Each structure stands twice: as structure tokens, then as C-alpha cells.
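Everything on this sheet refers to the single structure shown next.
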Amino acid sequence: MSRLTREGWLDRHDYLRGIAEVSACLDRVAAGLPDGAPSLLAWDGHQDEFLAGVPLLQSSNVVIDLEPVGRSVIALVERLAADPAAEKMAAEAGALAAELKHDRDAPGRIVSWLLGDESWTPVAPGLLTLLGWTAMRRFLASIVEGFARWRDEERWLRNYCPLCGLGPVMAQLIGKDPGRKRLLVCGRCATRWQYKRTRCPYCEHDVERTSILAVEGEGGLRIDHCESCLGYVKTYDGEGDEALLLADWTSLHLDLLAVGRGWKRLASSLYALPPDAAAVEEPA
Ligand SMILES: [Zn+2]
Ligand SMILES: [Zn+2]
């Protein structure tokens with residue numbers, strides 16, 4: 001059940017149009033990438049590490065060959081550099097393409113860098129992060145699904161992604177009491193995993209009562225904030241509009257609102273806050 005459209009959302013949040021164009025441009029250049037990894041892995045080999053809190057991409061028993069992602073990223077960089085509609089991004093992509101062109105080890109280097117290896121610094125790290133995780137997300141899509149079917153959510157309940165290891169970017173509340181659950185959302189690989197409803201995912205402090213800032217007319221989005229660490233989590237209290245409302249960039253105005261209140265943006269986001277965007281009206 002989807003009620004919101006991207007265009008309708010942008011009509012009401014005009015200041016998101018800049019970032020929406022970036023997102024549309026990434027989708028455009030990524031269209032037609034080769035198929036991703038197979039969803040059938042020897043999952044049970046990961047069981048011990050899973051129980052010990054090791055994310056799947058760091059598993060030593062279930063090894064996924066990510067080199068194709070590195071090659072896809074290079075293809076994306078080249079397509080973007082040649083895209084007449086990409087404007088400012090095309091220049092950055094051109095610089096990246098030149099850097100990667102004669103580097104035989106580039107695919108492996110890109111993948112290691114995306115997963116946290118800092119021994120290399122690319123010329124345009126922000127753009128490479130966006131392109132890299134666009135390609136990685138597509139490649140991993142069926143693994144995200146297969147992993148969700150295999151794993152026992154009750155035995156993870158950690159504050160980082162069971163697949164790629166990153167902290168959450170957002171949260172979602174699903175179902176009805178007594179079975180109501182909170183999922184945390186990964187901003188890189190799009191995994192959603194279960195977490196305790198009353199615990200702050202940043203400082204892991206249990207809160208008796210979460211402080212909630214509901215924002216009028218925002219499709220069920222709200223901001224839960226923690227009084228211990230002042231971190232906050234943008235939360236979608238609903239189902240059906242995940243693709244739009246859990247995309248993170250579609251709610252950057254709520255980050256501005258939260259930061260304006262003095263709360264800390266501890267979310268692992270791929271997006272910088274737009275400096276010139278106007279925050280939404282504070283609810284009365
Ligand atoms: Zn992840
Ligand atoms: Zn906290």
C-alpha cells in the first residue's frame with residue numbers, strides 16, 4: 001500500500017529538489033548494470049560468526065566476491081563523466097575516471113575503500129561513496145533478501161548492520177502491539193534489522209520513554225531522540241512507503257530540524273546536509 005509519490009513529496013519539499021536530482025542521476029547511470037550476486041550462499045557457515053556479532057561482509061567462512069562491484073563502479077564513474085545532464089558531478093567524475101583509468105588494481109581498491117580501508121584516498125571521496133554504494137546495493141540486493149530469510153533476528157539485536165557493519169541511518173516501526181517491532185535501517189546496503197524499541201542505537205542506553213517529535217504532514221516520519229547522548233533517529237512509523245521514506249535523502253529537512261534543536265546527527269548517512277536548505281516548520 002503506497003500512498004506517496006516522489007513527485008508529490010518533492011512538490012511539498014521543494015528544497016529537496018537538488019538532492020533528488022543527484023539521486024535520479026545515480027539511478028540513471030546505474031540502470032542496466034549486470035546482475036548481482038547469487039542469493040544462495042552456504043549460510044550455515046556463517047552461524048558462529050553471526051552469533052559472535054561479525055557482519056556478513058567480514059565473515060571468514062562465507063566469502064562473497066565483490067570484485068564485480070569495483071568494475072561496476074568504474075563503469076558508473078565513466079558514464080557519469082560522459083553524462084551531459086550530470087553538470088557539477090560530471091567534472092568530479094571526470095577527475096575520478098582519470099585517476100582510475102591506468103590503475104589495474106582499481107576494482108579491488110575501490111571495494112576495500114568502500115568497506116573502510118583508509119590506505120587510499122580517492123580524488124572525490126563523497127561522489128565515490130555515493131556511486132560505490134549505489135553499485136554495491138544493487139549487487140547485494142538478493143543477498144540482503146536471502147540473509148534476512150536465513151538469520152534469526154532475535155539473535156542479533158545489535159546497533160550495527162548484520163550485513164555490512166555500519167550503524168543505522170534511520171528506523172522503522174512495524175506491526176501492532178503486542179508484536180510491534182522496531183527495525184534499524186542501513187543507509188549503505190539497505191538491510192533492515194530488528195533492535196530493541198526502547199534502546200538508543202547510538203549510546204545503547206535504555207530509555208523508559210522515548211522522546212518523540214512527530215512532524216505534521218510528513219507521512220508518518222518522526223524524530224526519536226535520546227536524552228543521554230542527544231543522538232536522534234529519524235523514524236518511519238508506518239509501512240508501504242519504504243522506498244521513499246527510508247531513502248534518507250528524502251528527509252534531510254528533518255535532520256536540519258533536529259540539528260537546529262541541538263541534537264546530534266550520529267546517523268551513518270551517505271549525504272551531507274544541504275547548507276542552504278530551509279528547515280520545516282517546528283510543530284506547535
Ligand atoms: Zn549495511
Ligand atoms: Zn543515546
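Read the numbers this way: they start at 1 and go in the same order the structure lists the ligands and their atoms. Small disclaimer: the values here were computed from a predicted structure and weren't measured.
With the Zn ion (ligand 1) as vertex, Cys186 SG and Cys164 SG subtend 100°, rounded to 10°. Geometry at the Zn ion (ligand 2): SG/Cys203 and SG/Cys200 form an angle of 110°, nearest 10 degrees.
Taking 2.8 Å as the criterion, His205 does not count as a coordinating residue of the Zn ion (ligand 2), since none of its N, O or S atoms falls below it.
Around atom CZ of Arg180, more than 12 heavy atoms belonging to other residues, nucleotides or ligands sit under 6.0 Å away.
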Margin query: Please evaluate residues Val233 and His225 with respect to the criterion side-chain contact (heavy atoms from CB on, under 4.5 Å), reporting the C-alpha separation (whole Å), side-chain torsions for both, the decisive distance (0.1 Å), and the verdict.
Written below: CA-CA 6 Å; Val233 193; His225 97 276; over 6 Å; no
Margin query: Does Arg17 form a salt bridge (Lys or Arg N to Asp or Glu O under 4.0 Å) with Asp11? I'd like the steps, not just the answer.
Written below: CA-CA 9 Å; Arg17 287 204 180 266; Asp11 283 344; 2.8 Å; yes
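Residues Phe50 and Trp150 place their aromatic rings such that the two centres sit under 6.0 Å apart.
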